[in-house]
Peer 1: 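Before anything else, here's the structure in question.
Everything quoted here is computed from the prediction, not taken from an experiment. Counting starts at 1 for both ligands and their atoms, following the listed order.
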Amino acid sequence: MYGNTHHVADAIGAGLGTAFDVRVVPVSLAGPEVLAEADLVVVGGPTHAHGMSRAATRKAAVEAADKPAGGLKVEPGALGPGLREWLEALGQYPVKAAAFDTKMHGPAALTGRASKGADRLLRAHGFDVVAEPESFLVTRQDRLDPEETSRARDWGARLAAIIAAS
Ligand SMILES: Cc1cc2nc3c(=O)[nH]c(=O)nc-3n(C[C@H](O)[C@H](O)[C@H](O)COP(=O)(O)O)c2cc1C
C-alpha cells in the first residue's frame, strides 16, 4: 500500500540478482507467462488485520493515508487485487517458492504475519516452499526500519544460494 513491501521486494530481488535474472512485479502483472519462466517465485505482502490484505483492509489503508498527519503516499494500483486473491486464483504450480511480509514490531502472536497465510496457500497450490516465511519490520508510523533493507537483500542472497545448490 505505502511502498514498504515494494521496497523490500526490490531489496530481495537485488540479493537474488547477484546470481539470477530477477523480475519484481506487482501481482497485477504476475501472469502465467511470468510464472512459466520462473525457477523461484518469491511472494510478499503487507500484514493487515493479522493476515494477508483484503479489499476492506486495503480501503482502510487508503483512508488512513488520507489523514494529513501521517504523510503516507499510496502506491499506484494499491486498491487492486492483493496477494491473497492472486494466490487463491492460481492453479497448481510445482515451482520453488518462498513467502515474506512486512509487519509491525512485536511477537507474531500479537501482530499476525501475512507470510504464514501466503506460505500455506503456496503449499496448497503445489509450490515447493524452500524457506521459512520471513517478516520485515515497519514502525508504528508505517515506515520500514532502516536495517531491514540490507536484511532483505541478505535473505534474497540466501534464497539464491538455496536455489543454486538444488
Ligand atoms: C488496515 C491496516 C491493518 C493493519 N494490520 C496490521 C496487523 O494486524 N499487524 C501488523 O503487524 N501490522 C498491521 N498493519 C501495518 C502494516 O503491516 C504496514 O502498514 C505494512 O507492513 C506497510 O507495508 P506497505 O507499505 O507495503 O503497505 C496494518 C496496516 C493497515 C493499513
Peer 1: Which distance, rounded to the nearest 0.5 Å, do you find between the CG of Asp66 and the CD of Glu63?
Peer 2: 7.5 Å
Peer 1: Distance only, no hydrogens: is a donor on one side chain within 3.5 Å (strictly under) of an acceptor on the other, for Thr111 and Lys103?
Peer 2: yes
Peer 1: Can you classify the ring geometry of Tyr93 versus Phe127 as parallel (below 30°), tilted (30 to 60°) or perpendicular (above 60°)?
Peer 2: parallel
Peer 1: Kindly state each residue pair satisfying salt bridge (charged side-chain N to carboxylate O under 4.0 Å, His left out) with at least one member in residues 73-83, sequence neighbours excluded.
Peer 2: none
Peer 1: Between Asp119 and Arg123, does any side-chain N to carboxylate O distance fall below 4.0 Å?
Peer 2: yes
Peer 1: Hey, does Met104 have a side-chain heavy atom less than 4.5 Å from the side chain of Thr47?
Peer 2: no
Peer 1: Could you go through ligand 1 and list every pair where one of its N or O atoms sits under 3.5 Å from a protein N or O, giving the atom names and the distance to one decimal?
Peer 2:
{"unit_1": "ligand 1", "atom_1": "5 (N)", "unit_2": "Ala49", "atom_2": "N", "d": "2.9"}
{"unit_1": "ligand 1", "atom_1": "8 (O)", "unit_2": "Ala49", "atom_2": "N", "d": "3.2"}
{"unit_1": "ligand 1", "atom_1": "8 (O)", "unit_2": "His50", "atom_2": "N", "d": "2.8"}
{"unit_1": "ligand 1", "atom_1": "8 (O)", "unit_2": "Thr111", "atom_2": "O", "d": "3.3"}
{"unit_1": "ligand 1", "atom_1": "9 (N)", "unit_2": "Thr111", "atom_2": "O", "d": "2.7"}
{"unit_1": "ligand 1", "atom_1": "11 (O)", "unit_2": "Met104", "atom_2": "N", "d": "2.8"}
{"unit_1": "ligand 1", "atom_1": "14 (N)", "unit_2": "Thr47", "atom_2": "O", "d": "3.2"}
{"unit_1": "ligand 1", "atom_1": "17 (O)", "unit_2": "Thr47", "atom_2": "O", "d": "2.7"}
{"unit_1": "ligand 1", "atom_1": "19 (O)", "unit_2": "Asp142", "atom_2": "OD1", "d": "2.3"}
{"unit_1": "ligand 1", "atom_1": "21 (O)", "unit_2": "Thr102", "atom_2": "O", "d": "3.4"}
{"unit_1": "ligand 1", "atom_1": "21 (O)", "unit_2": "Thr102", "atom_2": "OG1", "d": "2.7"}
{"unit_1": "ligand 1", "atom_1": "23 (O)", "unit_2": "Thr5", "atom_2": "OG1", "d": "3.4"}
{"unit_1": "ligand 1", "atom_1": "23 (O)", "unit_2": "Thr102", "atom_2": "OG1", "d": "3.3"}
{"unit_1": "ligand 1", "atom_1": "25 (O)", "unit_2": "Tyr2", "atom_2": "N", "d": "3.1"}
{"unit_1": "ligand 1", "atom_1": "25 (O)", "unit_2": "Gly3", "atom_2": "N", "d": "3.2"}
{"unit_1": "ligand 1", "atom_1": "25 (O)", "unit_2": "Asn4", "atom_2": "N", "d": "2.9"}
{"unit_1": "ligand 1", "atom_1": "25 (O)", "unit_2": "Asn4", "atom_2": "ND2", "d": "2.7"}
{"unit_1": "ligand 1", "atom_1": "26 (O)", "unit_2": "Thr5", "atom_2": "N", "d": "2.9"}
{"unit_1": "ligand 1", "atom_1": "26 (O)", "unit_2": "Thr5", "atom_2": "OG1", "d": "2.5"}
{"unit_1": "ligand 1", "atom_1": "27 (O)", "unit_2": "Met1", "atom_2": "N", "d": "3.0"}
{"unit_1": "ligand 1", "atom_1": "27 (O)", "unit_2": "Tyr2", "atom_2": "N", "d": "3.2"}

